[in-house]
Amino acid sequence: MRLLILVSLALTAWLSVASPSHALEAVEVPASSDAIDLTRAVELYPNSGPSLQVSTAPGADGIVRRIEVNSLDDANSSWAVFALSNPGDEQIDRLIVAPFFQLVGSRLVWPDLGSSRIASITPSQGIAPERQSSQEADVFLVTLDPGAVVTYVVELRSPSLPQIRLWEPDVYKDTVNAYTLYRGIILGISGLLALFLTILFVVKGTIMFPATAVLAWSVLSYLTIDFGFWNKVLQITPGDEQLYRACAEVGLAASLIIFLYAYLNLNRWHIRYSHLALATLILVLGLLGVAVWDPSVAAGIARISLGIIGVLGFAVIATLAVQGYDRAIMLVPTWVLLLAWLTGAAMTVTGVLANDIVQPALAGGLVLVVLLIGFTVMQHAFAGGAIAQGLISDVERRALAFTGSGDIVWDWDIDRDRISTGHEVEDLLGLKPGVLEGPARDWLDVIHPQDRDTFRSTLDAVIDLRRGRVSQAFRLRSEDGHYRWFRLRARPIVGSDGEVIRCVGSLLDITEQKVTEERLLHDAVHDNLTGLPNRELFMDRLSAALARSRAEGLGRPSVIVFDLDRFKQVNDSIGLSAGDSILLTIARRVSRQLKPQDALMRLGSDTYALVLLSEQSADRIAAFADAVRRAVRSPITFGEQEVFLTASVGIAIPDSNPVESDELLRQADMAMNHAKRMGGDRVEVFRPTLQTTGSNRMELEADLRKALQTDGISVHFQPIVRLADRSIAGFEVLARWNHPKRGPISPSEFIPIAEQSGLINELGLFVLDRGARQLSEWQAAYRLPVPLFVSVNISSLQLLRHDLINDVKSVLSRSSLAPGTLKLELTESVVMANPEYSARMLERLRHLGAGLSLDDFGTGYSSLSYLQRFRFDTIKVDQSFVRPNGRSARPVILRSIVALGHDLGMQVVAEGAESESDALELHQLGCEFAQGFLFGQPMEAPEAGKMLDAEMETLRN
């Protein structure tokens with residue numbers, strides 16, 4: 001055993017001697033070399049512990065030795081190792097230099113802001129290197145004996161060592177002196193520039209000068225930090241200036257924002273530019289706080305911000321320069337130079353440019369940029385003459401103000417009776433030169449006849465009174481016969497004898513202003529879409545017609561109000577622009593039937609009203625209203641699509657008793673609402689019994705609220721049958737109300753009341769809960785191969801409530817149901833009312849285990865895009881496609897809907913099957929389910945249970 005150990009030790013020693021390729025490679029140091037870059041020859045050992053064992057470079061005898069070096073502070077230190085050899089026969093002295101900060105390769109994100117790199121250097125032999133005093137680098141003096149090969153173990157203060165060089169001492173001293181001189185020149189120029197711009201700010205005082213001075217002082221501060229000047233002034237520990245360097249870079253970015261905003265005077269264009277600049281400046285200055293926490297993070301963000309500011313600033317400058325803004329044009333060359341400087345700086349910090357002169361060159365380039373900016377600003381400071389300096393008299397200031405206003409000079413020499421306006425007015429009117437240069441009476445030929453007397457009397461009054469001002473608007477005729485509006489403002493000038501000798505003022509073309517006023521007046525009393533009178537103008541005309549009728553005893557005005565039925569569904573399906581075209585078409589059709597004494601207006605979105613004076617007898621008024629109804633019924637064609645609309649028409653005919661205009665309109669509106677409640681597409685004449693409708697509606701709402709509290713609402717079930725074997729697949733749950741006094745009330749009557757009063761949520765939850773409970777009982781009692789399902793209608797108000805998810809969850813938790821058998825039916829218009837919200841709600845309902853059914857398919861949007869977006873289990877084909885309507889395209893459409901549903905993986909239920917032929921046709925088309933009076937009307941739960949019992953008996957037999 002001992003023999004094996006000795007053999008292994010000998011073998012290890014032999015390998016260490018025979019394999020020098022694994023040892024360090026020594027860098028030869030000729031006596032004639034000025035500087036040697038050791039960066040690539042150094043082996044780094046980051047975070048290698050409190051001590052390091054390394055193999056030395058092979059000595060003159062070729063032997064590789066092992067040495068161990070302990071850390072000075074016993075920390076988890078980083079280490080670097082390199083070796084030097086002296087091939088000469090003389091002893092040489094060299095300086096090992098590791099700079100604290102190098103801009104080259106310092107990185108854009110989380111940059112290296114510099115620090116003391118070397119804590120100590122331990123040689124494998126000879127005299128230990130001696131640290132030299134320096135504010136910019138770790139400098140150690142080493143001595144190499146003739147023929148010596150020395151391995152140096154360097155304890156690092158940071159995990160990285162960006163650069164380490166070996167300098168000849170005199171050469172290094174000369175290099176430092178040269179850079180010191182260059183830095184002194186750069187600092188001197190920068191300091192003088194900052195001081196000069198500050199003095200300029202004190203002299204001129206405009207905002208661009210302090211902004212430029214701030215930029216110059218920021219550059220000076222950055223250079224003093226970069227050159228190590230503050231290290232001497234503030235006695236900063238060498239390598240600990242990261243905070244100051246980060247703050248200097250943040251200040252550089254912030255000052256650039258301030259200068260750009262102030263110089264371009266961005267606040268003159270819009271207040272949002274001020275808000276944007278202020279917000280950006282606050283964010284950049286906020287990096288000063290980040291610098292206290294982590295200077296590297298703050299400096300990285302500042303460097304990125306500086307680049308973004310440079311690019312965005314150039315975009316703003318270029319945009320304003322294209323618009324002809326002088327300041328922006330003058331700044332373009334300087335900003336191009338700044339972008340070039342930013343590009344060079346980015347290439348330097350990323351290591352693309354790696355050269356000893358890059359960092360000093362960038363410092364000089366930055367000063368050059370600020371110098372050019374200073375010249376640009378000074379050009380504004382000293383450009384211009386007396387006007388620019390504000391050295392003008394009050395008369396000159398008034399003349400300049402008048403010239404700047406762009407008004408035309410109007411001068412009337414009263415003694416010679418001659419008006420002078422130059423050629424501007426004649427050019428505007430297209431008149432020959434000199435037409436308006438002459439006596440005042442010549443103007444009467446081109447002034448509008450309605451304005452002549454006012455013009456003449458105004459001028460006469462000024463002459464007679466010898467005081468006052470002329471302020472008059474009048475129209476002048478152009479060569480083509482059109483008139484343009486002008487406003488004359490003038491005042492008389494009295495001579496020494498107290499008489500008016502001249503009348504001088506300005507003439508301004510206000511045609512566009514007048515046209516705008518007329519348009520505003522028109523729009524104030526007319527509908528923007530149709531151009532018809534609006535409610536205010538309509539009521540004024542109706543009041544005038546009633547007053548004339550009472551005064552003269554003839555021509556009683558009747559009021560007709562008509563509303564388009566189902567216009568919202570049509571508008572949702574074909575789009576808003578097509579809906580607007582429909583409203584315009586209806587307005588034109590009805591307008592053609594009116595006589596000059598009649599008036600039509602648009603009362604609301606799809607509601608119109610008209611004052612009828614051309615017809616007086618009741619039967620003729622009714623015939624006219626029916627003609628309006630028929631005009632609306634005519635199909636409207638959009639491309640290859642025809643739209644069919646109907647109208648509910650209400651008539652109010654005043655009797656012998658006096659009636660106000662608003663009351664007459666209210667009566668016609670009540671008659672129209674009654675026609676709509678009766679199914680629409682009809683004409684109704686107001687009668688006193690209709691006045692109780694409003695109160696009945698409130699009573700009905702109160703009764704509905706009471707019925708929900710006392711179980712006055714019942715739930716009925718309409719069977720849904722499988723067409724393959726005519727077995728019951730499920731039921732649709734329907735709400736029914738048997739009023740204690742009025743008897744059965746149609747859902748079409750109480751459902752809208754529930755929606756308007758907010759009771760629809762309570763009613764929907766009631767139907768959902770009763771349907772789920774009954775389904776749970778049926779599924780427990782009837783063990784069918786495929787579980788029964790129920791479908792419950794969900795209104796738009798329920799879908800938009802956040803509580804719908806909790807309601808469905810609580811209903812499902814109270815009832816033991818097979819997954820997907822509680823189906824929620826939603827119409828296309830309900831889903832598309834808010835697509836984004838609906839998509840989220842439907843997805844959450846699906847995760848709860850509820851089935852989703854699309855009701856009344858084909859009557860709304862019918863768009864493939866929403867079918868792909870909303871995942872429904874079932875689509876229900878509207879009964880209008882099931883019932884024969886005499887149109888040859890119905891079977892084709894029905895077949896396409898069924899095929900579409902199957903291709904999308906959905907089951908298809910057809911509504912409205914009322915005959916065996918309907919059921920047979922649906923089965924042949926591939927429709928799985930159908931419901932309708934053929935298979936059963938809505939019934940109560942016991943009757944539905946009897947149908948299920950009969951079916952179970954059939955299955956047993």
Side-chain angles (χ1 to χ4, degrees), residues 34-35 37-40 95 97-117 134-139 158 160-165 167 171-191 218-232 236 238-253 295-296 299-300 302-304 306-307 310 337-371:
D34 294 335
D37 191 350
L38 302 177
T39 306
R40 297 184 180 275
L95 295 176
V97 180
F100 295 156
F101 174 73
Q102 282 291 109
L103 187 63
V104 176
S106 61
R107 297 188 302 273
L108 189 63
V109 181
W110 276 282
D112 184 355
L113 298 180
S115 64
S116 177
R117 306 293 179 177
S134 175
Q135 293 289 332
E136 300 179 2
D138 290 312
V139 182
S158 64
S160 62
L161 186 61
Q163 186 186 87
I164 182 170
R165 289 187 177 181
W167 286 86
V171 174
Y172 179 72
K173 181 179 179 181
D174 294 340
T175 303
V176 170
N177 291 337
Y179 277 123
T180 302
L181 177 62
Y182 173 78
R183 291 171 178 176
I185 295 173
I186 294 297
L187 285 177
I189 296 174
S190 181
S218 299
V219 170
L220 180 61
S221 301
Y222 174 80
L223 294 177
T224 54
I225 295 295
D226 191 50
F227 294 166
F229 178 77
W230 284 111
N231 298 2
K232 302 179 178 62
I236 301 174
D240 291 342
E241 70 275 5
Q242 294 95 332
L243 175 62
Y244 298 93
R245 191 178 301 277
C247 291
E249 295 185 4
V250 171
L252 197 61
S296 182
R303 291 181 178 184
I304 296 173
L306 197 61
L337 181 61
L338 176 63
L339 290 179
W341 184 88
L342 290 174
T343 303
M347 296 173 65
T348 301
V349 299
T350 55
V352 177
L353 289 178
N355 194 294
D356 290 343
I357 65 171
V358 170
Q359 187 169 346
L362 286 176
L366 186 59
V367 174
L368 178 61
V369 170
V370 178
L371 189 62

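We're numbering straight along the sequence, starting at 1.
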Identify the two heavy atoms, one from [X] and one from [Y], that lie closest to each other, and give their separation to 0.1 Å.
X	Y	answer
Y179	P360	CE2-CG, 3.4 Å
A248	I225	CB-CG1, 4.3 Å
L342	G310	CD1-CA, 3.9 Å
V97	A137	CG1-CB, 3.7 Å
I164	L161	CG2-CD2, 3.9 Å
G344	L353	O-CD1, 4.1 Å

>> If the condition is side chain to side chain contact (heavy atoms under 4.5 Å, CB included), which residues does S158 pass it with, not counting sequence neighbours?
In response: S115, R117, S160
Working to the nearest 0.5 angstrom, can you tell me the gap between [X] [atom1] and [Y] [atom2]?
X	Y	atom1	atom2	result
L187	T224	CG	OG1	7.0 Å
I189	L220	CD1	CG	12.0 Å
Y222	E249	OH	CD	5.5 Å
W341	L362	CH2	CG	6.5 Å
L223	S218	CG	OG	11.0 Å

> Do T175 and D34 pass the side chain to side chain contact (heavy atoms under 4.5 Å, CB included) test, and can you show the C-alpha distance, the side-chain angles, and the key distance before you say yes or no?
Replying inline: CA-CA 11 Å; T175 303; D34 294 335; over 6 Å; no
Mind checking whether [X] and [Y] have side chains closer than 4.5 Å, heavy atoms only?
X	Y	result
L252	L366	yes
V358	L103	no
Q359	F101	yes

> Residues two or more places apart in sequence or in another chain: which of them pass side-chain hydrogen bond (donor to acceptor under 3.5 Å, both in side chains) with S106?
Replying inline: R303
>> Looking at A346, is its backbone amide N or carbonyl O close enough to the side chain of T350 to form a donor-acceptor pair, meaning the two atoms are under 3.5 Å apart?
In response: yes
> With no hydrogens and no angle check, is any side-chain donor or acceptor of Y172 less than 3.5 Å from a backbone partner on L95?
Replying inline: no
